[in-house]
There are 2 protein chains.
Amino acid sequence: MYSLAEENYLKAIYHLEQQTKGEVSTNAIAERMSTKPSSVTDMIRKLADKKLLSYKRYKGALLTSDGRKTAANVIRKHRLWEVFLVEKLNFHWDEVHEIAEQLEHIKSEELISRLDKFLGSPDFDPHGDPIPDKHGNVKRTEKKLLSELNKKQRGVCVGVKESSSDFLQYLDKKKITIGTKVTVLGKEFFDGSMVIQVGRDQFFISKKIAENLYVQTN
Amino acid sequence: MYSLAEENYLKAIYHLEQQTKGEVSTNAIAERMSTKPSSVTDMIRKLADKKLLSYKRYKGALLTSDGRKTAANVIRKHRLWEVFLVEKLNFHWDEVHEIAEQLEHIKSEELISRLDKFLGSPDFDPHGDPIPDKHGNVKRTEKKLLSELNKKQRGVCVGVKESSSDFLQYLDKKKITIGTKVTVLGKEFFDGSMVIQVGRDQFFISKKIAENLYVQTN
DNA sequence: CACAATATTTAGGGTTGTCTAAAAAAACAT
DNA sequence: ATGTTTTTTTAGACAACCCTAAATATTGTG
């Protein structure tokens, strides 16, 4: 059982590893966590003692498979709670992060297993990011912007890029939500506008809309 | 915003005040919290500084109305989460306490307001205890054991006293859950057994059953 | 390669919340 | 009412986690 601080460090390092592909620097961690490098040194040393990451002085940190699994589990919890907040409690996609930051630290395997089932075992959170499975494995299929699709391609809406109130209300009106299937019927190269099919409806969308909607294309 | 430890102390003192009707002793708090009296002295001093309780050396603690309200709010959150765990995630009534102890500290007014609505603004938790409203007021109508009711009396099931797996399964089978209306059709004084009506069904229950089911009789 | 700039670690300290052991106050009993 | 028992507080210390300032290692540049 790891402390709140430990879990947050693991999560931060996990995310940083995906960007930097290699050791994560003390400074990078400090910046991401809004803390000081000296605090980071203390903590990564502690996490190294616990075999959650490997660390050599001045060389940065690299998660062990234990550490990676633990981090992925915290992220799994975070994203499942985000789905809960949006789908069940009708929060907007951009209001849930802070609350999920707290909920992700609740300790109970059983709780998460039941929550997952209750939510229908979703694969993506409301921002379109994949939810790791209980073993810490992530479906690493890239999410794309709807604007990257071409005529006749099909995608499942997995999240939004921007999440202004206006945009979310627009999506509501058009009945586009997570899991909605979208087909591109036409694409105008001049202005990037599209005609898409959503359920039985067909309608026109501007480039701006298409550039702010993430889809998954298997 | 209060710390986890502070909230737990307030909660414990709130509960103890209801039993002792008056100042709560250092030792009583220590025992309830499985901690040492010296730690309690430290903390109640701190809470007194924050005007959450009044404290005079060697005289014990008494919550201020601020402190009482804060405590009631933590208890509100605890009980709402318990309802969620039982009603939505299908936990048994006796499995939820520990998880709710964690969830009760999540900070977000909006979350609780939405959770409350999602659950249908319940008045009681799965153990039959009343859920304080958002102002910290508690419906102080006593819950009774079903066995205390007499012929023709009616009650709403609000919780269980014992919560063994066998008993919960029995209740399941008889379709008795929180909110179920129960009418006493007959009561045998010799052995305390009863005939009750639940929905359209009428059936016999033993004294043992009747003594483990809490009801609310407005 | 040497020196400046940058990154990282070390040293020493602060806060929160806990503990043990000892001192002080209150309650109890004869 | 006086001595004993119990309760409560004080004193001093510790662990987790964070900080600042100073020292040290690494990197980049001419």
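Just so we're on the same page: letters track the sequence lines, and every chain starts at 1. Model, not experiment: these values are computed from the prediction.
Across all non-hydrogen atoms, the minimal contact from Ser165(B) to His92(B) is OG-CE1, 4.1 Å.
Close to dT9(D), at under 4.0 Å from its OP1 or OP2, lies a side-chain N or O of Thr41(B). In this structure, Arg57(A) reaches the dT10(C) phosphate: one of its side-chain N or O atoms is under 4.0 Å from OP1 or OP2. The side chain of Tyr58(A) contributes no N or O atom lying less than 4.0 Å from OP1 or OP2 of dT10(C). Listed pair Asn27(A) / dT8(C) meets the phosphate criterion, a side-chain N or O lying under 4.0 Å from OP1 or OP2. For dT16(C), neither phosphate oxygen OP1 nor OP2 lies less than 4.0 angstrom from any side-chain nitrogen or oxygen of Tyr2(B). Checking the phosphate oxygens (OP1, OP2) of dT8(C), no side-chain nitrogen or oxygen of Ser38(A) falls inside 4.0 Å.
Rounding to whole angstrom units, CD1 of residue Ile29(A) and C1' of dT9(C) are separated by 14 Å. The CG-P distance, from Asp42(B) to dT8(D), rounds to 15 Å in whole Å. What separates NZ of Lys50(A) from C1' of dA15(D) is a distance of 11 Å, to the nearest Å. dA26(C) atom P lies 14 Å from atom CD of Glu23(B), rounded to whole Å. In this structure, Arg45(B) atom CZ and dT10(D) atom C1' are separated by 8 Å, rounded to whole Å. Between the P atom of dT8(D) and the CD atom of Glu31(B) lies a distance of 11 Å, rounded to the nearest Å. Rounded to an integer number of Å, the gap from CE of Met33(A) to C1' of dC18(D) is 11 Å. The interatomic distance linking Asn8(B) (CG) with dT16(C) (P) rounds to 17 Å, in whole Å.
Remark on DNA chain D: of its neighbouring residues Lys59(A) and Lys36(A), the 5'-side contact belongs to Lys36(A), judged by nearest-heavy-atom nucleotide.
Residue pairs meeting the ring-ring contact (aromatic ring centres under 6.0 Å, His included) criterion with at least one partner in residues 104-130 of chain A, sequence neighbours excluded, do not occur; the list is empty.
Between Trp81(B) and Trp81(A), the ring planes lie perpendicular to each other; the angle is over 60°, past the 30° to 60° tilted range.
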Open item on the list: Determine whether Lys11(A) and Glu101(A) satisfy the following criterion, salt bridge (charged side-chain N to carboxylate O under 4.0 Å, His left out), listing intermediate values before the conclusion.
Closed with: CA-CA 11 Å; Lys11(A) 192 164 51 108; Glu101(A) 286 285 298; 3.1 Å; yes

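Within the 4.5 Å cutoff, the side chain of Ile205(B) has heavy atoms near those of the Leu146(B) side chain.
Thr26(A) comes within contact range of the sugar-phosphate backbone alone, with a heavy-atom separation under 4.0 Å but no base atom that close.
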